[in-house]
Structures are given as C-alpha cells and as structure tokens.
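In what follows, every heavy atom counts, from backbone to side chain, and hydrogens, waters and symmetry copies are set aside. Fair warning: this is a prediction, and the values are worked out from it, not measured in the lab. All ligand and atom numbering here is 1-based and tracks the order in the structure.
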Amino acid sequence: MNIVLIGFMATGKSTLGKALAKRLNWEYLDTDKLIEQKAGCSIPRIFAEKGESYFRQLEASVAKELASAEKKVIATGGGFPLNPENIHQLRPSSLIVCLTAAPEVIYQRASRDTNRPLLQVADPLARIKQLLAERASCYANADLAIDTSLWDPEVLIADILAEMKRRGLRIDGDC
Ligand code: S3P
C-alpha cells in the first residue's frame, strides 16, 4: 500500500507528503527528485536542454519503477497524471489523493520560486488558470480530493488517514 499525491503545481504535495510519511513512518519519495537523479540535472535544465517531451518520458519510466513500491508516500509532479499510464501503474497498490487549491493561491505560492519552467511566462496566473482547465479531467481521476487553499497540514493529514481507515487500509500502530 502507498499514498500517491497528485495535483497541480504548488498545491502542497511535497510538504504534505513529507509530513504524512513521517506520521505513517513510511518512506517519502518525490517523482521530480527521482527524475533529476535519473537525468543527472535539474528540472529547469531538463526542460531547457531536452524539452518537455523528454521530461515526460523520464516521468513515465519513474512511474513504471514505482509500480512495485510498498509503504511509500509518493509526491508527483503536477503533470504526472496527464499520462493515464502513469496512474495505471500506481493505482493497484495506492490510494491516490489529489490536492487542489484556488488559482490565486497557487499563483501566490508559485511566485516564490523559479523552478517551474511551465510558469516562467509573462502572465503566470492566466497560465495557471489555462492549465487547470486543460488538466481538470486528469486530476478528477483520484480516490480522494482535498483543497489545500487554507493550509493546515494536521487537518489535511487527518482527512487522508480517515479515508485510509474508511477503506480498511491498515495504518502502522493500529490493531
Ligand atoms: C510540472 C510540475 C512540476 C514539475 C515540472 C512539470 C507540471 O512539479 O514536475 O515542472 O507539468 O505541472 P510540481 O508540481 O512539484 O511543481
């Protein structure tokens, strides 16, 4: 059993993923970090030098490798569910949780860094709204969706643990 966090950029997947992994005493993995290890360079450099389609190929190969994961909390890049095969690889062994947030909140959070090549445009908020609309059906493909706009990690973790219990999934420490 694993927890896979999907959702748009800056919805809190990495931060919440780390906290949830700690709570469950499971290992935390991040597909973007695994891609960077595979490529031997940063995501902005992969996009700049090899293009988005090469990045998506690496993402798909990381998804295949994670199909046998066990007791992992896996934070995925925002475009991970665009390829249905990526979700298909992980669904049998995972609870798939989609984190959401209002476009303005995403914009505020994402404006703090320059590591997201897809948002390095003149009008990032318009781009966020456009991508959210294009990707809505991919993000809808989750077992549970949680809005992280009002950021309270304890409440968000409690929501995920409650869903695990509701589905009869064992949490370490439970009888
Ligand atoms: C992307 C999201 C990024 C990263 C890459 C592409 C996307 O991850 O995978 O820049 O297509 O939405 P985060 O969601 O962690 O920012």
Practice item. Please determine, by modelled atom types, if Arg109 and Thr148 share a side-chain donor-acceptor pair under 3.5 angstrom. Key: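 A pair is found: one side chain offers a donor N or O, the other an acceptor, under 3.5 Å apart.
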
Could an N or O of ligand 1 be found under 3.5 Å from any N or O of [X], whether backbone or side chain?
X: Gly78; answer: yes
X: Asp32; answer: yes
X: Thr76; answer: no

Check your understanding: Which residue supplies the protein heavy atom nearest to atom 16 (O) of ligand 1, what is that atom called, and how far is it?
Key ->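 Protein heavy atom with the smallest distance to atom 16 (O) of ligand 1: Arg116 NE, 2.6 Å.
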
Check your understanding: Side chain, backbone, both or neither: which part of Leu118 has a heavy atom under 4.0 Å from ligand 1?
Key ->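 The answer is the side chain of Leu118.
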
Please identify which atoms of ligand 1 are closer than 4.0 Å to at least one heavy atom of [X].
X: Lys13; value: 13 (P), 14 (O), 15 (O)
X: Pro117; value: 10 (O)
X: Gly79; value: 1 (C), 7 (C), 11 (O), 12 (O)

Exercise for review: Apply the test side-chain contact (heavy atoms from CB on, under 4.5 Å) to residues Asn86 and Val62: give CA-CA distance (whole Å), side-chain angles for both, the deciding distance (0.1 Å), then the verdict.
Suggested key: CA-CA 9 Å; Asn86 292 345; Val62 163; over 6 Å; no

Exercise for review: Begin with the C-alpha distance, continue with both residues' side-chain angles, and end with the deciding distance and a verdict on side-chain contact (heavy atoms from CB on, under 4.5 Å) for Ile6 and Ile87.
Suggested key: CA-CA 9 Å; Ile6 66 168; Ile87 296 295; 4.1 Å; yes

Sub-4.0 Å heavy-atom contact, [X] with ligand 1:
X: Phe80; result: no
X: Arg135; result: yes
X: Arg56; result: yes

Check your understanding: Is the count of non-hydrogen atoms from other residues, nucleotides or ligands lying under 6.0 Å from Gln108 atom CD greater than 12?
Key ->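 Open.
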
Practice item. Taking all non-hydrogen atoms of both residues into account, name the closest pair between Gly17 and Val73 and its distance. Key: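 Where Gly17 meets Val73 most closely, the heavy atoms are O-CG1, 3.5 Å.
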
Point to revise | Residues Thr31, Leu29; criterion side-chain contact (heavy atoms from CB on, under 4.5 Å); working and verdict | key: CA-CA 7 Å; Thr31 59; Leu29 293 174; over 6 Å; no

Check your understanding: Looking at Asp30 and Lys13, does any basic side-chain N land under 4.0 Å from a carboxylate oxygen?
Key ->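 Lys13 and Asp30: not salt-bridged.
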
Review point. With the 4.5 Å side-chain cut-off for hydrophobic clustering, are Leu90 and Val97 part of the same group?
Key: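 Looking at the clustering, Val97 is in a separate group from Leu90.
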
